[in-house]
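Below is one structure; the comments refer to it alone.
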Amino acid sequence: SIVYTSEPGTMRHNLERLMRVSEAERQVPNYVAAIMAIYFSHGADQDIRCAMQRMAVEPNLIWINALHVRGELQPWVDPLALADAIVRQEYAVIHGWCQRDIAEDALAEHLITTCLSVMAGATRGAARSEILEALDRVGSQGVQALKLPRADFAASAENLPAEKALVLR
């Protein structure tokens, strides 16, 4: 399981999740490509596509609902629809990475800037300012400017059976 350094319901927690997701996906690109092929296939079973969508919507919804409670979403924003839209954008970025339209080492930056760009239009007040500041930092200095923790797959692999550890390394 992933241990986060920031509180759920915060921008930083969501960005940390995106960083960890991108790092994990870079470890198993063929697996991710197969999953994205299923998700974007016209013939994919609707239950499979819905399950994939739902599991990615939930983590986004925690942050979005926190913003909603604080009154920092635009009045026209439906939290569930926004979380759903962000996931569709995230999956489109991941699919582009699988197709090699996005450089291998640029996945995290693309995921983060895509999420924050959508959220910038959907928020107001302090949340919007925080998002725009993060986008400015990423734009001028790269994703490392956010100082998000990085996953240690070698350490994680040491705690797994040998056959699973190979996948993570």
Side-chain angles (χ1 to χ4, degrees), residues 1-4 6 8-69 72-123 127 131 134-135 138 143 146 148 150-151 153 156-157 160 163-169:
S1 78
I2 297 173
V3 177
Y4 292 95
S6 53
T10 63
M11 179 186 77
R12 184 161 180 83
H13 184 86
N14 220 50
L15 297 182
E16 194 174 332
R17 181 186 61 80
L18 289 172
M19 177 63 81
R20 301 279 174 92
V21 163
S22 69
E23 290 176 340
E25 289 175 349
R26 288 181 62 195
Q27 300 298 311
V28 288
N30 292 334
Y31 173 77
V32 174
I35 295 297
M36 289 296 106
I38 292 168
Y39 181 82
F40 284 103
S41 170
H42 294 306
D45 184 279
Q46 190 65 22
D47 289 341
I48 293 172
R49 187 179 288 119
C50 286
M52 291 172 67
Q53 186 75 10
R54 191 172 40 254
M55 72 180 201
V57 163
E58 289 302 320
N60 284 289
L61 199 52
I62 295 168
W63 178 34
I64 292 167
N65 280 335
L67 293 170
H68 182 66
V69 166
E72 294 184 294
L73 290 180
Q74 295 288 349
W76 48 265
V77 171
D78 172 79
L80 183 57
L82 177 58
D84 186 70
I86 286 174
V87 170
R88 291 181 192 286
Q89 293 299 312
E90 288 173 2
Y91 281 175
V93 167
I94 294 166
H95 189 255
W97 174 77
C98 291
Q99 298 295 317
R100 296 190 173 94
D101 294 333
I102 296 171
E104 179 183 350
D105 60 351
L107 179 59
E109 188 166 326
H110 276 78
L111 282 171
I112 287 170
T113 57
T114 297
C115 174
L116 291 178
S117 296
V118 172
M119 290 299 292
T123 54
I131 291 165
L135 280 167
V138 171
V143 75
L146 299 175
L148 298 168
R150 310 286 308 243
F153 287 101
S156 298
L160 294 174
E163 65 276 5
K164 291 187 179 176
L166 293 174
V167 174
L168 292 174
R169 289 190 177 166

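Computed from heavy atoms alone, side chains included, the values below leave out hydrogens, waters and symmetry copies.
With a 6.0 Å radius and a threshold of 12 heavy atoms from other residues, nucleotides or ligands, Phe40 has its CZ atom above the threshold. Atom NE2 of His13 has more than 12 neighbouring heavy atoms from other residues, nucleotides or ligands inside a 6.0 Å radius.
Judged purely by atom type and a 3.5 angstrom limit, Tyr91 has no side-chain atom pairing as donor or acceptor with the backbone of Ala56. Remark: the backbone N or O of Leu111 is not paired with any side-chain donor or acceptor of Thr114 at under 3.5 angstrom.
To the nearest 0.5 Å, atom OG of residue Ser117 and atom CD1 of residue Ile112 are 11.5 Å apart. With rounding to the nearest 0.5 angstrom, the SG atom of Cys115 is 5.5 Å from the CD atom of Glu90. Cys50 SG to Met55 CE: the interatomic distance, rounded to the nearest 0.5 Å, is 12.5 Å. In this structure, CG in Leu80 is found 11.5 Å from NE2 in His68, a value given to the nearest 0.5 Å.
Legend: residues meeting ring-ring contact (aromatic ring centres under 6.0 Å, His included) with His110, ordered by chain and number and at least two apart, are absent. Considering only residues two or more places apart in sequence or on other chains, Val77 meets the side chain to side chain contact (heavy atoms under 4.5 Å, CB included) condition with Leu73, Gln74, Leu82, Ala122. Residues satisfying the side chain to side chain contact (heavy atoms under 4.5 Å, CB included) test with Ala120, not counting sequence neighbours, are Ile131, Leu132, Leu135. With sequence neighbours excluded, the residues satisfying side chain to side chain contact (heavy atoms under 4.5 Å, CB included) with Asp47 are Asp45.
Among residue pairs with one or both ends in residues 49-67, those qualifying as side chain to side chain donor-acceptor pair (under 3.5 Å) are Asn14-Asn60, Arg17-Asn60, Tyr39-Gln53, Gln46-Arg49, Gln53-Asp84; sequence neighbours excluded.
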- Task: Please test Leu148 against Arg20 for side chain to side chain contact (heavy atoms under 4.5 Å, CB included), starting from the C-alpha separation and ending with a verdict.
- Result: CA-CA 9 Å; Leu148 298 168; Arg20 301 279 174 92; over 6 Å; no
- Between Arg26 and Trp97, is a side chain to side chain contact (heavy atoms under 4.5 Å, CB included) present by the stated rule, with each step listed? CA-CA 10 Å; Arg26 288 181 62 195; Trp97 174 77; 3.8 Å; yes
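The two residues Ala134 and Leu116 make their nearest non-hydrogen contact at CB-CD1, 3.8 Å. The nearest pair of heavy atoms linking Ala127 to Leu67 is CB-CD2, 3.5 Å.
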Result block: side-chain N/O donor-acceptor pairs under 3.5 angstrom for residues 101-109, not counting sequence neighbours:
none

